[in-house]
Amino acid sequence: MPVYTINSKFGKIRILWTLKDGLFKIASVKIGEEKRAPENPNEPQENYLVEERIKNFVYNLSALLKGWEIEFDPDILDLSVCGAFQKRVLEAMCRVPRGKICAYKEVAVFLNSPNSSRAVGRALSKNPFPFVIPCHRAIRSDGSIGGYQGGENMKRSLLEMEGIDFDIKGKVFIKEFLYDFTGN
């Protein structure tokens with residue numbers, strides 16, 4: 001699978017893509033280093049981009065990692081790598097705009113599955129498209145930020161880049177930044 005690596009303030013971010021239904025689609029975005037298998041001479045070289053959709057995606061992700069406000073076309077993501085529940089969770093997170101947060105429990109309630117807060121957290125922890133699908137915007141009900149694939153420091157930094165403020169205990173000011181899934 002072709003891969004392109006971005007060097008960012010968060011470390012190496014790898015973008016993998018594939019050809020799906022006649023279109024190039026992002027298969028995953030990975031945070032950090034990966035131990036690679038020996039090179040396969042038949043695979044494209046790393047950081048070799050030929051397809052315009054992928055070039056645009058890489059440019060936009062690079063800009064987002066620098067703090068720019070970027071909206072991604074969800075059609076470029078290969079969501080077939082996700083199970084049904086995870087796909088619903090990720091689609092719900094796409095509703096949460098920059099500068100807002102939600103609690104795992106609120107996502108569960110929005111999905112008509114109010115007792116599945118932990119399942120929401122697990123689905124987000126396995127998000128194959130971090131940054132693009134903003135799983136970093138989901139926090140615990142008490143305002144603490146919870147876990148993140150890139151670590152809690154990265155999650156906090158992403159939230160701060162989006163204008164989210166924290167109290168002296170490191171908790172988000174929930175009432176100020178809470179996203180309301182009901183639109184009220």
Could you walk me through whether Ile31 and Phe131 satisfy the side-chain contact (heavy atoms from CB on, under 4.5 Å) test, starting with their C-alpha distance in whole Å, then the side-chain angles of each, then the deciding distance to 0.1 Å, before giving a yes or no? CA-CA 10 Å; Ile31 300 171; Phe131 311 114; 3.8 Å; yes

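- The ring pair (Phe, Tyr, Trp, His ring centres under 6.0 Å) pairs that include a residue from residues 75-105 number zero, where partners must be two or more places apart or lie in different chains.
- Inter-residue side-chain proximity for Ile54 and Tyr4 is flagged as unmet; no heavy-atom pair is nearer than 4.5 Å.
- Remark: side-chain polar atoms of Lys155 are paired, donor with acceptor, to backbone N or O of Ala138 under 3.5 angstrom.
- Summarising the geometry, atom CG belonging to Asn7 is positioned 9.5 Å from atom OG belonging to Ser62; distances are rounded to the nearest 0.5 Å.
- Under a hydrophobic clustering in which Ile, Leu, Val, Met, Phe, Trp and Tyr are joined whenever their side-chain heavy atoms come within less than 4.5 Å, directly or via other members, Tyr59 and Ile15 fall into the same cluster.
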For a side-chain contact (heavy atoms from CB on, under 4.5 Å) check, start with the C-alpha distance between Leu158 and Met161, then their side-chain angles and the critical distance, and finish with the verdict. CA-CA 5 Å; Leu158 288 166; Met161 267 185 359; 3.9 Å; yes

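- For Val81, the side chain to side chain contact (heavy atoms under 4.5 Å, CB included) test picks out Asp78, Pro128, Phe129, with sequence neighbours left out.
- Linking ILVMFWY residues whenever their side-chain heavy atoms come closer than 4.5 Å, directly or via other members, places Val120 and Leu79 in the same cluster.
- Every residue two or more places apart in sequence or in another chain was checked for a side chain to side chain donor-acceptor pair (under 3.5 Å) with Ser157, and none qualifies.
- A search for side chain to side chain donor-acceptor pair (under 3.5 Å) contacts involving Lys87 returns nothing, not counting sequence neighbours.
- Residues in residues 127-154 take part in these side chain to side chain donor-acceptor pair (under 3.5 Å) pairs, two or more places apart or across chains: His136-Glu162, Arg137-Glu162, Asp142-Ser144.
- Take Ser28 and apply the side chain to side chain donor-acceptor pair (under 3.5 Å) test, not counting sequence neighbours, and it matches no residue.
- Looking only at side-chain heavy atoms (C-beta outward), Gln86 and Glu91 stay at 4.5 Å or farther from each other.
- At a threshold of 4.5 Å between non-hydrogen side-chain atoms, the residues Ser116 and Leu111 do not count as touching.
- Here NZ of Lys126 is found 12.5 Å from CG of Leu90. Values are rounded to the nearest 0.5 Å.
- Residues Glu51 and Lys55 are not paired through a salt bridge, judged by the lack of any N-O separation under 4.0 Å between the basic side chain and the carboxylate.
- Here the closest heavy-atom approach between residue Arg122 and residue Ser125 is recorded as O-OG, 2.7 Å.
- Both Leu19 and Ile26 are part of a single hydrophobic cluster, where members link through side-chain heavy atoms under 4.5 Å apart.
- By the 6.0 Å contact criterion, NZ on Lys105 is open, its count of non-hydrogen atoms from other residues, nucleotides or ligands being 12 or less.
- Listed by chain and residue number, Ile6, Phe10, Ile13, Leu65 satisfy the side chain to side chain contact (heavy atoms under 4.5 Å, CB included) test with Ser8 (two or more places apart in sequence, or in another chain).
- Here Ile174 sits in one hydrophobic cluster together with Ile101, Ile139, Ile145, Leu159, Ile164, Phe166, Val172, Phe173, Phe177, Leu178; the rule is ILVMFWY side chains under 4.5 Å apart, joined directly or through other members.
- Partners of Arg95 according to the side chain to side chain contact (heavy atoms under 4.5 Å, CB included) rule, which considers only residues two or more places apart in sequence or in another chain, are Phe110, Tyr179, Phe181.
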Throw together a table of side-chain donor-acceptor distances under 3.5 angstrom for residues 68-76, partners on residues two or more places apart or in other chains.
residue: Asp73; atom: OD1; partner: Asp75; partner atom: N; Å: 3.0
residue: Asp75; atom: OD1; partner: Lys25; partner atom: NZ; Å: 3.3

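- A salt bridge (charged side-chain N to carboxylate O under 4.0 Å, His left out) check over residues 107-120, counting only residues at least two apart or in different chains, returns nothing.
- Side-chain contact check for Pro134 versus Arg98: every heavy-atom pair is 4.5 Å or farther apart.
- Annotation: side chain to side chain contact (heavy atoms under 4.5 Å, CB included) contacts of Lys169 (sequence neighbours excluded): Asp167.
- For the pair Val29 and Arg14, the minimum side-chain heavy-atom distance is 4.5 Å or more.
- Contact record, Leu124 with Cys135: CD2-CB, 3.7 Å, taken as the closest heavy-atom pair.
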